Amino acid sequence: MNTEQIFVVDDYKFFAKYFIMKFKTMVREHVQFHHFSELMPVFAANSTMTPSLIFLDNELGDEKGVEAIPELSETYPNTEIILISSLDSDELNQQAVLNGASRFISKDDIVLDKIVERLRSNVLETAKTQRAKSLLR
């Protein structure tokens, strides 16, 4: 069986570790998580692995995750990209989807254990989202 890859891009290491630890209990076997604290290594990783899912924080130091979505979508065309942020804004949500993310999830939802419910919601039904949903238990 192939091992699926999930990228978590967040410069706040405590949150990333918490998120990965919680999310590991919700996915099937043969799923590996990779944490990146900046964007450049994410783009470089395409030579060795292709993620099924990228959770991308919007606030990455001087970089904005929402602005990197089009390039990430080009680098990983079959990957579902989900923007995450502590800011819960309709404008950010709209911009994320316009830039190619499948959805936006507030970090509050993640911390409050609503992540699986949000992933299962039919925001955008595409082959990418179906692939990501298939990872869930």
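All heavy atoms count here, side chains included; hydrogens, waters and symmetry mates do not. What you are looking at is a predicted structure, and each value in this text was computed from that prediction instead of being measured.
- Contacts of Gln95 classified as side-chain hydrogen bond (donor to acceptor under 3.5 Å, both in side chains), with partners at least two apart in sequence or in another chain: Asn99.
- Remark: His35 pairs with no residue by the ring pair (Phe, Tyr, Trp, His ring centres under 6.0 Å) rule, at least two apart or across chains.
- Contact annotation: the side chain of Ile105 never approaches that of Leu83 to less than 4.5 Å [non-hydrogen atoms, C-beta and beyond].
- Partners of Gln94 according to the side chain to side chain contact (heavy atoms under 4.5 Å, CB included) rule, which considers only residues two or more places apart in sequence or in another chain, do not exist here.
- Within the 4.5 Å cutoff, the side chain of Ser85 has heavy atoms near those of the Leu92 side chain.
- A centroid separation of less than 6.0 Å is found between the aromatic rings of Phe55 and Phe23.
- Shown here for Lys22 and Met26, the closest heavy-atom pair between the two residues is O-CE, 3.6 Å.
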| request: Step by step, work out the side-chain contact (heavy atoms from CB on, under 4.5 Å) result for Leu56 and Ile82. | output: CA-CA 6 Å; Leu56 175 65; Ile82 298 173; over 6 Å; no

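- Every residue was checked against the side-chain hydrogen bond (donor to acceptor under 3.5 Å, both in side chains) condition with Asn58, not counting sequence neighbours, and none meets it.
- Residues Asp57 and Val9 form no side-chain contact, since every pair of their non-hydrogen atoms from C-beta on lies 4.5 Å or further apart.
- With values rounded to the nearest 0.5 angstrom, Asn78 atom CG is found 12.0 Å from Glu80 atom CD.
- Ala68 approaches Leu39 most closely through the heavy-atom pair CB-CD1, 3.6 Å.
- Judged as a side-chain hydrogen bond (donor to acceptor under 3.5 Å, both in side chains), and not counting sequence neighbours, the contacts of Ser52 are Glu4, Arg131.
- For the residue pair Thr3 / Gln32, no side-chain donor-acceptor distance below 3.5 Å is found, with atom types taken as modelled.
- Minimum interatomic distance between Gly100 and Ser73 (heavy atoms only, all atoms of both residues): O-OG, 4.0 Å.
- With sequence neighbours excluded, the residues satisfying side chain to side chain contact (heavy atoms under 4.5 Å, CB included) with Tyr12 are Asp10, Phe14, Phe15.
- Atom CD of residue Glu63 and atom CE of residue Met40 lie 8.5 Å apart, to the nearest 0.5 angstrom.
- Residues satisfying the salt bridge (Lys or Arg N to Asp or Glu O under 4.0 Å) criterion with Glu59, sequence neighbours excluded, are Lys64.
- Residue pairs meeting the side chain to side chain donor-acceptor pair (under 3.5 Å) criterion with at least one member in residues 36-50, sequence neighbours excluded, do not occur.
- For the pair Thr79 and Pro51, the minimum side-chain heavy-atom distance is below 4.5 Å.
- Put simply, CD on Glu67 and CG on Leu60 are 10.5 Å apart, with the number rounded to the nearest 0.5 Å.
- Residues Phe104 and Val66 form no side-chain contact, since every pair of their non-hydrogen atoms from C-beta on lies 4.5 Å or further apart.
- Evaluation of the salt bridge (charged side-chain N to carboxylate O under 4.0 Å, His left out) test over residues 86-95, restricted to residues two or more places apart or in two chains, returns none.
- When side chains are defined from C-beta on, Phe7 counts as touching Val42, because their heavy atoms get closer than 4.5 Å.
- If you take OG on Ser102 and CG on Leu53, they are separated by 7.5 Å, rounding to the nearest 0.5 Å.
- From Phe33, atom CZ reaches atom CD1 of Ile6 across 4.0 Å, with rounding to the nearest 0.5 Å.
- Hydrophobic clustering of Ile, Leu, Val, Met, Phe, Trp and Tyr side chains at less than 4.5 Å, counting indirect connections, keeps Ile84 apart from Leu98.
- For the atom pair Glu71 CD and Tyr76 OH, the distance stands at 10.5 Å (nearest 0.5 Å).
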